[in-house]
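FYI, the numbering just counts along the sequence from 1. None of the values given here were measured: they were computed from a predicted structure.
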Amino acid sequence: MSPCTLADTDVRKVYRIKGFGDPSSAYASKLRCMGFTDGTTVEHVPGASHDPQIFFVRGSRVALRKSEARQVFVEELV
(Lines give C-alpha, C1' and ligand atoms only; values in the text may rest on other atoms or scores of the structure.)
Protein backbone atom coordinates (compact mmCIF):
# COMPACT_ATOMS: atom_id res chain seq x y z
CA MET A 1 0.00 0.00 0.00
CA SER A 2 1.20 3.49 -0.74
CA PRO A 3 1.75 5.98 2.10
CA CYS A 4 -0.88 8.60 2.83
CA THR A 5 -1.18 11.16 5.60
CA LEU A 6 -3.11 10.87 8.86
CA ALA A 7 -5.53 13.48 7.49
CA ASP A 8 -6.49 11.02 4.71
CA THR A 9 -7.20 8.05 6.99
CA ASP A 10 -10.52 6.31 7.55
CA VAL A 11 -12.20 6.03 10.95
CA ARG A 12 -11.74 2.69 12.75
CA LYS A 13 -8.79 1.64 10.60
CA VAL A 14 -5.27 1.00 11.86
CA TYR A 15 -2.15 2.47 10.26
CA ARG A 16 1.62 2.41 10.76
CA ILE A 17 3.56 5.67 10.94
CA LYS A 18 6.07 5.93 8.10
CA GLY A 19 7.54 9.39 8.67
CA PHE A 20 6.95 13.13 8.59
CA GLY A 21 6.66 15.75 5.86
CA ASP A 22 9.48 17.74 7.47
CA PRO A 23 11.24 15.36 9.88
CA SER A 24 13.51 18.09 11.27
CA SER A 25 10.69 20.51 12.15
CA ALA A 26 9.86 21.47 15.71
CA TYR A 27 6.34 20.11 15.21
CA ALA A 28 7.64 16.68 14.11
CA SER A 29 9.77 16.64 17.25
CA LYS A 30 6.72 17.48 19.38
CA LEU A 31 4.72 14.67 17.74
CA ARG A 32 7.54 12.21 18.42
CA CYS A 33 7.45 13.21 22.10
CA MET A 34 3.71 12.47 22.10
CA GLY A 35 4.35 8.93 20.77
CA PHE A 36 4.07 9.40 17.00
CA THR A 37 7.29 7.59 16.10
CA ASP A 38 8.19 5.66 12.95
CA GLY A 39 6.74 2.14 13.00
CA THR A 40 4.15 2.89 15.69
CA THR A 41 0.56 1.87 15.02
CA VAL A 42 -2.16 4.51 15.14
CA GLU A 43 -5.93 4.17 14.87
CA HIS A 44 -8.27 6.88 13.60
CA VAL A 45 -11.14 6.86 16.12
CA PRO A 46 -14.60 8.43 15.77
CA GLY A 47 -14.94 12.02 16.93
CA ALA A 48 -17.69 14.59 17.16
CA SER A 49 -16.41 16.52 14.14
CA HIS A 50 -14.02 16.17 11.22
CA ASP A 51 -11.57 18.74 12.56
CA PRO A 52 -9.82 18.05 14.81
CA GLN A 53 -9.44 14.34 14.15
CA ILE A 54 -8.91 11.89 17.02
CA PHE A 55 -6.19 9.22 16.96
CA PHE A 56 -5.37 6.41 19.38
CA VAL A 57 -1.62 6.00 19.73
CA ARG A 58 0.36 4.20 22.45
CA GLY A 59 -2.66 3.95 24.76
CA SER A 60 -3.71 7.61 24.48
CA ARG A 61 -6.23 9.55 22.43
CA VAL A 62 -4.71 12.55 20.69
CA ALA A 63 -6.57 15.26 18.76
CA LEU A 64 -4.83 16.72 15.70
CA ARG A 65 -6.10 19.35 13.32
CA LYS A 66 -6.16 18.21 9.70
CA SER A 67 -3.36 20.63 8.90
CA GLU A 68 -1.23 18.92 11.58
CA ALA A 69 -2.27 15.40 10.57
CA ARG A 70 -1.14 16.11 6.97
CA GLN A 71 2.45 16.19 8.24
CA VAL A 72 2.41 12.51 9.34
CA PHE A 73 2.80 9.84 6.67
CA VAL A 74 1.23 6.44 7.32
CA GLU A 75 0.38 3.17 5.59
CA GLU A 76 -2.75 1.12 6.26
CA LEU A 77 -2.34 -2.21 8.05
CA VAL A 78 -4.44 -4.98 6.59
Enter the distance from [X]:[atom1] to [Y]:[atom2] here, rounded to the nearest 0.5 Å.
X   : Y   : atom1 : atom2 : answer
K18 : F73 : NZ    : CZ    : 12.5 Å
S25 : Q71 : OG    : CD    : 5.5 Å
C4  : R70 : SG    : CZ    : 12.5 Å
T9  : Y15 : OG1   : OH    : 5.0 Å

What pairs of donor and acceptor atoms, side-chain ones from residues 57-65 against any protein atom, are under 3.5 angstrom apart with sequence neighbours left out?
{"from": "R58", "atom 1": "NE", "to": "G35", "atom 2": "O", "distance (Å)": "3.0"}
{"from": "R58", "atom 1": "NH2", "to": "T37", "atom 2": "OG1", "distance (Å)": "2.8"}
{"from": "R58", "atom 1": "NH2", "to": "T40", "atom 2": "OG1", "distance (Å)": "2.8"}

* Pairs touching residues 23-44 that satisfy ring pair (Phe, Tyr, Trp, His ring centres under 6.0 Å), sequence neighbours left out ->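 As it turns out, the ring pair (Phe, Tyr, Trp, His ring centres under 6.0 Å) pairs with a partner in residues 23-44, which skip direct neighbours, are H44-F55.
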Do [X] and [Y] touch side chain to side chain, with heavy atoms closer than 4.5 Å?
X   : Y   : answer
Q53 : P46 : no
V14 : V42 : no
L31 : V72 : yes

In short, salt bridge (Lys or Arg N to Asp or Glu O under 4.0 Å) pairs touching residues 8-17 with sequence neighbours left out are D10-K13, K13-E76, R16-E75
ask   = Which residues satisfy the side-chain hydrogen bond (donor to acceptor under 3.5 Å, both in side chains) test with D38, sequence neighbours excluded?
value =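 Counting only residues at least two positions away or on another chain, D38 forms no side-chain hydrogen bond (donor to acceptor under 3.5 Å, both in side chains).
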side-chain hydrogen bond (donor to acceptor under 3.5 Å, both in side chains) filter on D22, not counting sequence neighbours, yields S24
Taking every heavy atom of I17 against every heavy atom of V74, the minimum-distance pair comes out as CA-CG1, 4.0 Å
